[in-house]
Asks: 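For reference, the structure I am asking about is given below.
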Protein chains: 2
Amino acid sequence: MWADSEQHELRDGQADRPRRRATIHDVARLAGVSRQTVSRAVNDKGEIDPVTKERVLEAVRLLDYRPSRFARGMVRKGTVTTGLVIPDLMNPFFPEVAAGVLEAAEQRGWQVVVWDSRTDADREREALDVFSHQADAVIGYFKNDDAELGRLLGGVPLVLLERGPQQTRFGAVGIDVAAGMEQGIAHLVAAGHRRIGLLDGDGLSGPGPRRTAFLDEVRRHGLPVDQGWIVLCSEHSVAGGAAGMSRLLEAHPEVTAVVGFNDLIAIGATRTARRHGLRVPEDLAVLGFDGLSLGELVEPALTTLHIDKRRLGMLAVEQVARLRAGEAPLTGADAWVIPQLVVRASA
Amino acid sequence: MWADSEQHELRDGQADRPRRRATIHDVARLAGVSRQTVSRAVNDKGEIDPVTKERVLEAVRLLDYRPSRFARGMVRKGTVTTGLVIPDLMNPFFPEVAAGVLEAAEQRGWQVVVWDSRTDADREREALDVFSHQADAVIGYFKNDDAELGRLLGGVPLVLLERGPQQTRFGAVGIDVAAGMEQGIAHLVAAGHRRIGLLDGDGLSGPGPRRTAFLDEVRRHGLPVDQGWIVLCSEHSVAGGAAGMSRLLEAHPEVTAVVGFNDLIAIGATRTARRHGLRVPEDLAVLGFDGLSLGELVEPALTTLHIDKRRLGMLAVEQVARLRAGEAPLTGADAWVIPQLVVRASA
DNA sequence: AACGTTCACGTGAACGTTCACGGGGACTCG
DNA sequence: CGAGTCCCCGTGAACGTTCACGTGAACGTT
């Protein structure tokens with residue numbers, strides 16, 4: 001009967017390494033059954049004789065058969081894959097956002113492909129180019145403008161992280177920076193500070209919400225404003241913050257408090273200040289903006305505006321879900337995370 | 001001619017939200033061309049009149065058409081997807097490993113689907129179950145034993161992180177813990193320590209390489225050994241280390257140095273020790289095992305055995321590549337990362 | 001003996017692309 | 001005017017699964 005053919009296939013299978021992956025058909029031939037029966041065996045469906053099943057499974061093992069996820073995806077829908085673009089995996093902020101995305105995605109049975117853009121616009125574009133073909137939706141941080149984004153991934157739903165919902169034609173999930181800054185500046189003012197500096201991020205795409213919110217609040221409290229008190233940190237890292245603080249200290253030693261673009265920058269600032277002989281917070285108060293758990297480990301523990309990063313990620317997934325369902329995306333407070341002031345020791 | 005049909009399709013397309021995603025065929029009909037021409041337009045191939053192309057693209061926009069990645073994957077091979085299973089995204093160690101994996105994968109044009117197992121065996125199994133269908137290979141940390149792993153993902157290449165290459169029948173990439181521990185203990189001994197404790201991880205799957213290496217080295221130096229000096233930290237975190245240190249201090253205040261399972265645990269230990277009034281390193285030396293950049297931020301800066309986490313991840317991808325090519329996986333030193341002692345302030 | 005049921009399995013079709021061809025029209029050149 | 005060339009476009013096939021059926025055998029029921 002099919003014994004011949006099996007023998008042949010057997011030899012064939014182990015002779016040279018298979019240049020083409022075995023298909024369900026190969027297995028069927030080797031086991032002497034039909035495709036459907038093979039399918040039943042590998043998918044643990046019913047309607048199959050245990051003996052036959054074992055024989056099929058043996059053939060599967062022999063040929064190292066694995067069903068093609070493409071062919072499978074073609075016929076039974078449902079596998080959703082979303083791309084996640086992160087600017088810097090070394091900054092603890094982003095893994096936590098990612099954790100939120102992963103958790104929410106898993107609950108829906110979605111998969112998440114992660115891409116580290118390292119804050120490089122070209123690498124962003126690469127990611128988008130790939131995802132436009134391979135993903136059902138994209139979540140991420142982007143420096144490229146809307147037009148470019150739209151052009152690159154034409155049609156694929158996109159949810160932007162940390163951009164005001166108004167600023168973009170895609171879905172967005174953001175941080176209510178203004179609300180955060182309000183708490184932060186109020187705290188500093190209450191402590192008697194009047195000359196407050198800002199260690200801002202790279203001002204590549206204009207002032208950015210942190211700076212505007214900072215200026216708003218400072219003005220609202222009737223404090224003096226000096227453009228020299230705002231220094232840009234090209235790197236959003238401890239080193240970047242340290243460098244920024246050096247420049248600030250040199251040019252404007254009169255500031256008595258600084259708020260950092262993020263916790264890493266604030267920590268870098270603290271270290272530089274101390275190295276310059278300043279006591280924190282007595283001589284210089286430092287306020288972070290992130291709420292990294294790392295902040296409670298440093299000396300002095302960092303006072304900061306804590307952001308629920310996990311929630312941020314989960315909200316983004318929810319936005320994607322709405323986009324995909326054709327519903328209107330969340331807006332306003334529903335799509336925002338509000339920072340909470342956490343008072344520790346540095347301010 | 002096709003004007004009718006276009007009108008119809010037009011109305012049809014925007015009337016109610018499409019319950020079934022538009023296919024290349026729909027676009028072809030609407031644009032009045034063949035599938036192939038649509039394909040040419042979407043994929044920027046040549047052999048198409050610019051005018052026709054624009055018309056097709058317009059139809060694409062109208063119907064919100066996006067090519068099915070499954071159908072595409074069927075016909076043109078090459079998209080490789082590997083799964084990455086990480087136990088804890090909140091521990092800075094793992095994002096860095098992930099960064100290495102991502103970088104190496106990107107160079108090969110592979111995609112990486114990330115899964116956070118949160119050190120839960122059940123969640124590991126879920127991941128494996130999904131990946132066995134959806135991935136071409138898997139990299140990750142696993143508590144499940146080989147038999148279970150093999151059963152779950154039957155046939156999919158697997159590369160284990162941080163298991164000795166001998167301990168498993170899959171590919172593996174590891175850390176030369178013995179070499180690291182040798183440097184670490186030597187350093188402590190040179191500083192005059194004789195009663196050294198170990199804040200080990202959870203001893204779920206037996207002693208683990210760190211403990212064995214620790215005991216080996218301690219014995220080799222002829223130091224006294226007390227089982228009470230080894231305490232288990234169920235959580236591999238700062239909190240876990242703090243708790244472990246509390247127990248150690250209470251029962252065995254005679255130890256003058258401890259080495260932590262990882263940096264987080266070591267940092268937790270340091271904090272507890274200081275809270276108990278001990279000076280670090282004068283009264284108690286603390287040695288970490290990881291080399292997190294966070295270690296230089298804490299007070300006192302953590303002396304640690306630095307692991308090249310990024311390289312670890314990249315090696316894992318290389319292993320996958322070999323497995324897929326049918327080559328023999330790397331073994332021995334080629335598949336190991338050797339820790340480097342970084343002396344800072346805590347020991 | 002006729003009929004329904006269950007079990008184990010096979011057959012054609014469909015999923016949505018791209019690839020390898022093939023063909024017709026316009027234009028050029030001898 | 002015929003032949004050659006280029007440009008643009010369409011047709012059948014193939015990719016590897018699963019789904020919805022259909023079929024025949026064995027077994028029981030009336």
Side-chain angles (χ1 to χ4, degrees), chain A residues 1-2 5 18-57 59-60 63-81 132-136 155-156, chain B residues 1-2 5 18-57 59-60 63-81 132-134 136 155:
Chain A
M1 313 278 294
W2 44 268
S5 129
R19 29 200 78 270
R20 158 181 132 306
R21 264 221 346 231
T23 78
I24 200 175
H25 222 104
D26 301 327
V27 179
R29 267 211 314 271
L30 174 51
V33 296
S34 72
R35 298 160 308 173
Q36 183 60 14
T37 303
V38 175
S39 181
R40 282 191 263 255
V42 288
N43 295 350
D44 266 327
K45 299 257 170 110
E47 307 202 351
I48 185 174
D49 189 322
V51 183
T52 314
K53 180 166 175 177
E54 196 37 59
R55 183 153 41 93
V56 171
L57 260 25
V60 166
L63 297 179
D64 189 30
Y65 164 75
R66 290 189 313 106
S68 146
R69 70 168 179 284
F70 295 116
R72 204 171 239 175
M74 280 226 50
V75 59
R76 52 182 199 211
K77 325 284 172 195
T79 14
V80 176
T81 300
S132 70
H133 294 331
Q134 304 286 350
D136 302 306
V156 182
Chain B
M1 315 276 296
W2 45 268
S5 131
R19 29 201 78 269
R20 156 182 134 305
R21 265 226 338 237
T23 79
I24 201 175
H25 220 103
D26 302 326
V27 179
R29 266 211 315 271
L30 175 51
V33 297
S34 72
R35 298 159 309 174
Q36 184 60 16
T37 302
V38 176
S39 181
R40 282 190 264 256
V42 204
N43 297 349
D44 266 327
K45 298 258 170 107
E47 306 202 353
I48 184 174
D49 189 325
V51 183
T52 315
K53 180 166 175 178
E54 196 36 60
R55 183 154 41 94
V56 171
L57 260 26
V60 166
L63 298 179
D64 189 31
Y65 164 74
R66 291 189 311 105
S68 146
R69 69 169 179 284
F70 294 116
R72 206 170 236 175
M74 281 227 50
V75 59
R76 53 181 198 212
K77 325 284 171 194
T79 13
V80 177
T81 300
S132 69
H133 295 331
Q134 304 285 350
D136 303 305

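Excluded from the calculations below are hydrogen atoms, water molecules and symmetry mates; all remaining heavy atoms, backbone and side chain alike, are included.
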Asks: Using a cut-off of under 3.5 Å, enumerate the N/O to N/O pairs linking the protein to nucleotides 12-14 of chain C.
Replies:
unit_1, atom_1, unit_2, atom_2, d
C:dG12, N7, A:Arg35, NH2, 3.1
C:dG12, O6, A:Arg35, NH2, 2.8
C:dA13, N6, A:Arg35, NH1, 3.3

Asks: Let me know the distance between CZ of A:Arg66 and C1' of D:dT17, rounded to the nearest Å.
Replies: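 Checked: the CZ to C1' distance equals 15 Å.
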
Asks: Write down the distance between CD1 (B:Ile24) and P (C:dC15), rounded to a whole number of angstrom.
Replies: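 Atom CD1 in B:Ile24 sits about 14 Å away from atom P in C:dC15.
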
Asks: Using 0.5 Å steps for rounding, measure from the OG atom of B:Ser34 to the CZ atom of B:Arg29.
Replies: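 Spacing of OG (B:Ser34) from CZ (B:Arg29) equals 13.5 Å.
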
Asks: If you round to the nearest 0.5 Å, how far is CZ of A:Arg55 from CD1 of A:Ile48?
Replies: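 Answer for the CD1-CZ pair, A:Ile48 versus A:Arg55, is 9.0 Å.
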
Asks: What's the separation between atom CG in B:Leu63 and atom CZ in B:Arg21, rounded to the nearest 0.5 Å?
Replies: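 Rounded to the nearest 0.5 Å, the CG-CZ separation comes to 12.0 Å.
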
Asks: Starting at CZ of B:Arg72 and ending at C1' of C:dT18, how long is that distance when rounded to a whole Å?
Replies: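 Nearest whole value for this atom pair: 9 Å.
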
Asks: DNA chain C: B:Tyr65 or A:Val33, which has the more 5' nearest nucleotide?
Replies: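 Looking at the nearest nucleotide for each, A:Val33 comes out on the 5' side.
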
Asks: Looking at side-chain heavy atoms only, is the closest gap between A:Lys53 and A:Asp44 below 4.5 Å?
Replies: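 Side chain of A:Lys53 against side chain of A:Asp44, heavy atoms only: contact under 4.5 Å found.
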
Asks: With sequence neighbours left out, write down each residue that passes salt bridge (Lys or Arg N to Asp or Glu O under 4.0 Å) with A:Arg66, or none if nothing qualifies.
Replies: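 Checked A:Arg66 against salt bridge (Lys or Arg N to Asp or Glu O under 4.0 Å); zero matches.
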
Asks: Is A:Arg69 close to B:Thr81 at the side-chain level, that is, under 4.5 Å between some pair of heavy atoms?
Replies: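 They are in contact (side-chain heavy atoms under 4.5 Å apart), so the answer is yes.
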
Asks: Is the distance from OP1 or OP2 of C:dG10 to the nearest side-chain N or O of A:Ser34 less than 4.0 Å?
Replies: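 It does, given that an N or O in the side chain of A:Ser34 lies less than 4.0 Å from OP1 or OP2 of C:dG10.
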
Asks: Counting a pair only when it is Watson-Crick or G-U and both distances are under 3.5 Å, which runs of at least 3 such pairs involve DNA chain D?
Replies: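 In DNA chain D, stems of three or more pairs: C:1-30 with D:1-30.
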
Asks: Partners of A:Arg40 by salt bridge (Lys or Arg N to Asp or Glu O under 4.0 Å), sequence neighbours excluded?
Replies: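 Once residues adjacent in sequence are excluded, the partners of A:Arg40 under the salt bridge (Lys or Arg N to Asp or Glu O under 4.0 Å) criterion are A:Glu47.
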
Asks: Using modelled atom types only, decide if a donor and an acceptor are shared between the side chain of B:Asp49 and the backbone of B:Val51 within a distance under 3.5 Å.
Replies: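 Answer holds: yes.
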
Asks: As a test of reading the structure: which of D:dT18, C:dT18, D:dT17 is closest to the side chain of A:Arg76, going by heavy atoms?
Replies: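 Shortest atom-to-atom distance from the side chain points to D:dT18.
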
Asks: Take the protein atom NE2 of A:His133 and the nucleotide atom P of C:dG16, then report the distance between them rounded to whole Å.
Replies: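 These atoms are roughly 19 Å apart.
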
Asks: Report the residues that fulfil salt bridge (Lys or Arg N to Asp or Glu O under 4.0 Å) with B:Arg35, sequence neighbours left out, ordered by chain and then residue number.
Replies: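 Partners of B:Arg35 by the salt bridge (Lys or Arg N to Asp or Glu O under 4.0 Å) criterion come out as none, since no residue qualifies.
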
Asks: Relative to the 5' end of DNA chain D, which residue comes earlier, A:Pro67 or A:Arg40, by the nucleotide with the nearest heavy atom?
Replies: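 Checking each residue's closest nucleotide, the 5'-ward one belongs to A:Pro67.
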
Asks: In residues 44-52 of chain B, what residues come within less than 4.0 Å of DNA chain D, judged by heavy atoms?
Replies: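 Only B:Glu47, B:Ile48, B:Asp49, B:Thr52 qualify.
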
Asks: Find the distance A:Met74:CE to D:dT17:C1' and express it as a whole number of Å.
Replies: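 So the two atoms are 9 Å apart, to the nearest Å.
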
Asks: With heavy atoms under 4.0 Å as the rule, sort B:Arg69 into base, sugar-phosphate or nothing.
Replies: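 If one applies the 4.0 Å heavy-atom cut-off, B:Arg69 turns out to touch nothing in the nucleic acid.
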
Asks: Reckon A:Thr37 has a side-chain N or O less than 4.0 Å from the OP1 or OP2 of C:dC9?
Replies: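 Checking C:dC9 against A:Thr37, no side-chain N or O comes under 4.0 Å of OP1 or OP2.
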
Asks: Restricting to non-hydrogen atoms, name the atom on A:Thr23 and the atom on A:Tyr65 that form the minimum distance, rounded to 0.1 Å.
Replies: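 Looking at all heavy atoms of both residues, the closest pair is C-CE1, 3.5 Å.
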
Asks: Let me know the distance between CZ of A:Phe70 and P of C:dT18, rounded to the nearest Å.
Replies: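 Between P of C:dT18 and CZ of A:Phe70: 13 Å.
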
Asks: Evaluate the side chain to side chain contact (heavy atoms under 4.5 Å, CB included) criterion for residues B:Thr79 and A:His133: first the C-alpha distance (whole Å), next the side-chain angles of each, then the deciding distance (0.1 Å), finally the verdict.
Replies: CA-CA 11 Å; B:Thr79 13; A:His133 294 331; over 6 Å; no

